[in-house]
Amino acid sequence: MYGLCDCNNFYASCERVFNPSLVGRPVVVLSNNDGCVIARSNEAKQLGIRMGDPYFKVRDLLRSNRVAVFSSNFILYGDMSRRVMSLLRRLVPATEVYSIDESFLDLRGIDPATLDALGHEIARTVKRHTGIPVSIGIAPTKTLAKIASKLCKQYPRLDGCCYMHRPQDIEKVLRRFPIGDVWGVGRRWAAMLEGMGVRTAWDFTQLPPERVRKRMSVVGLRMWKELRGEPCIGFEQHPVDRKRIATTRTFEHDTDDFEQIRRCVAQYAAACAEKLRAQHSVCGEMTVFLLTNRHKEGMPQHCESHLLKLSVPTDSTLCLTEHAVRTLRMIFRKGRAYKRAGVILSDLSSKTGTQLDLYDPVDRARHDQLMQAIDRVNATMGRHKVVTAAAGTEFFRMHREHLSKRFTTDWDQIIRVKT
DNA sequence: TCTGGGGTCCTAGGACCC
DNA sequence: TCTGGGGTCCTAGGACCC
């Protein structure tokens with residue numbers, strides 16, 4: 001049996017933990033720059049606010065319904081996630097962290113008769129220790145466990161855990177489960193399947209497998225088998241290294257100011273390099289891109305980008321910043337209203353065993369020492385304490401009008417209790 | 001005025017190899 | 001009239017996830 005533990009309305013729930021007056025009130029969390037809605041409490045969902053709605057379009061609706069609005073506080077959400085995940089790790093034999101708010105649970109070797117009680121116990125414990133409400137689904141495959149956890153959200157009387165294992169129960173659920181809500185079915189496939197007369201997950205399991213394979217490749221076939229109770233997606237015991245690392249941002253205003261964009265790109269390169277070192281990898285390729293505002297109708301759209309292949313793979317902020325700025329110089333065109341820029345690192349490999357260049361002008365060993373020192377300073381004394389001159393100390397401020405505090409990671413912002 | 005950010009996997013087709 | 005067989009690697013594009 002596979003378990004899935006999914007935190008309910010995770011970002012909104014994190015905000016509520018430190019502000020209990022929000023319980024029962026609608027809450028939404030906004031993306032970077034307070035751009036659009038990326039998380040909603042149940043009450044906010046009921047008001048008809050959709051995922052991805054631009055903030056400026058729903059502002060009046062939010063105000064008239066006294067919705068609590070927050071800028072995204074990823075430091076807080078990341079720390080709360082870490083707490084939930086480490087708790088889960090203590091309660092089951094193994095876990096696979098799937099996203100910031102979801103973890104698969106390895107339940108092999110546990111007496112099936114006790115799984116329902118275990119699921120409820122986990123949900124209660126996570127709520128008690130972290131304040132975060134979760135939905136736990138337990139079923140014979142990962143795809144079915146996902147469905148089971150969605151049922152928990154739909155039916156509060158399940159009380160946080162749905163153990164779905166008898167074939168007749170599974171059939172009953174699948175017959176009412178919309179195909180578009182199945183894990184792995186996006187908008188395109190949902191439309192295609194509905195065109196084929198497939199409305200529910202059950203309809204899908206009744207299609208001939210050859211047809212599924214032909215229209216949806218092995219990915220669809222795997223899903224078909226998983227829904228029929230045959231596990232095809234295994235349990236990842238150990239977290240795998242990323243194959244791409246990106247840092248990209250939308251600017252608050254359109255700009256063609258080269259110096260400003262250069263500072264941003266240098267900051268993105270440094271952020272990528274930090275993530276790269278954190279997983280002990282080096283990168284062999286770097287892409288820098290610039291985009292104009294895709295929402296401006298009638299304006300010419302431009303996408304400048306260039307992929308640079310590095311002669312020696314590196315994880316040095318200095319090397320990557322230099323490459324990024326040089327690449328930016330190549331693609332930048334004065335007079336274009338740029339709205340977004342980014343740095344993407346690819347061709348990642350393990351740092352041990354890097355092929356060096358005999359004529360390499362860079363002293364790798366010294367760079368390594370310097371990077372270690374910088375990472376240590378920034379880790380212990382606060383982010384951005386040491387930066388490159390290219391990135392500058394003037395941090396391009398994100399528009400975050402409704403930011404909550406770093407209650408759990410900053411002594412100066414720890415919650416105060418009035419007596 | 002104002003519209004996020006970061007990932008993965010699979011397939012088909014072309015270039016190339018022996 | 002008739003033109004082999006078997007493979008790899010790379011890339012772009014399309015699908016998906018949170």
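Quick note on labels: first sequence line is chain A, next is B, and so on, each numbered from 1. What you see is a predicted model; the values in this text were computed from it and never measured.
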Hey, could you give me the CD/NE2 distance between E285(A) and H323(A), rounded to the nearest 0.5 Å?
12.5 Å
Counting the atoms with a prime plus P, OP1 and OP2 as sugar-phosphate, which does K309(A) contact under 4.0 Å by heavy atoms, base, sugar-phosphate, or nothing?
sugar-phosphate
Looking at every strand, decide which applies to S72(A) at a 4.0 Å heavy-atom threshold: base, sugar-phosphate, or nothing.
nothing
Can a donor-acceptor pair be found between the side chains of R277(A) and S316(A) at a distance below 3.5 Å?
no
What dot-bracket string describes DNA chain C from 5' to 3', counting Watson-Crick and G-U wobble pairs whose defining distances are under 3.5 Å, with [ ] for crossing pairs and | for pairs to another strand?
....||||||||||||||
Output, in order, the C-alpha distance, side-chain angles, deciding distance and verdict of side-chain contact (heavy atoms from CB on, under 4.5 Å) for V218(A) and R213(A).
CA-CA 6 Å; V218(A) 295; R213(A) 162 77 232 230; 3.2 Å; yes
Tell me what R222(A) touches on the nucleic acid: a base, only sugar-phosphate, or nothing, going by heavy atoms under 4.0 Å.
sugar-phosphate
If you assign R242(A) and K296(A) each to the DNA chain B nucleotide with the nearest heavy atom, which residue ends up on the more 5' nucleotide?
K296(A)
Mind checking whether W183(A) and Y98(A) have ring centres under 6.0 Å apart?
yes
Closest-nucleotide 5' rank along DNA chain B - winner of S217(A) and K243(A)
K243(A)
Roughly how many Å apart are dG4(B) and dC17(C), using the C1' atom of each and rounding to a whole number?
15 Å
Matching residue for Y77(A) among F407(A), Y11(A), F70(A), F18(A) - test: ring-ring contact (aromatic ring centres under 6.0 Å, His included)
Y11(A)
Students often get this wrong, so: under 4.0 angstrom with heavy atoms, is I100(A) touching a base, only sugar-phosphate, or nothing?
nothing
Spatial distance of atom CG (N73(A)) from atom CG (L30(A)) [nearest 0.5 Å]
12.5 Å
Please work out if R213(A) contacts a base, only the sugar-phosphate, or nothing of the nucleic acid, heavy-atom cut-off 4.0 Å.
sugar-phosphate
With a 6.0 Å cut-off on the ring centroids, do Y163(A) and H165(A) count as close?
yes
Taking the side chain as everything from C-beta on, heavy atoms only, tell me whether L88(A) gets closer than 4.5 Å to V84(A).
yes
Less than 6.0 angstrom from the centroid, inside 45 degrees of the normal: does R228(A) satisfy that with respect to the ring of W224(A)?
yes
Under 4.0 Å, heavy atoms only, any strand: does D101(A) hit a base, just the sugar-phosphate, or nothing?
sugar-phosphate
Name the first nucleotide and the last nucleotide along DNA chain C (5' to 3') that come under 4.0 Å of a heavy atom in chain A.
dT11(C) to dC18(C)
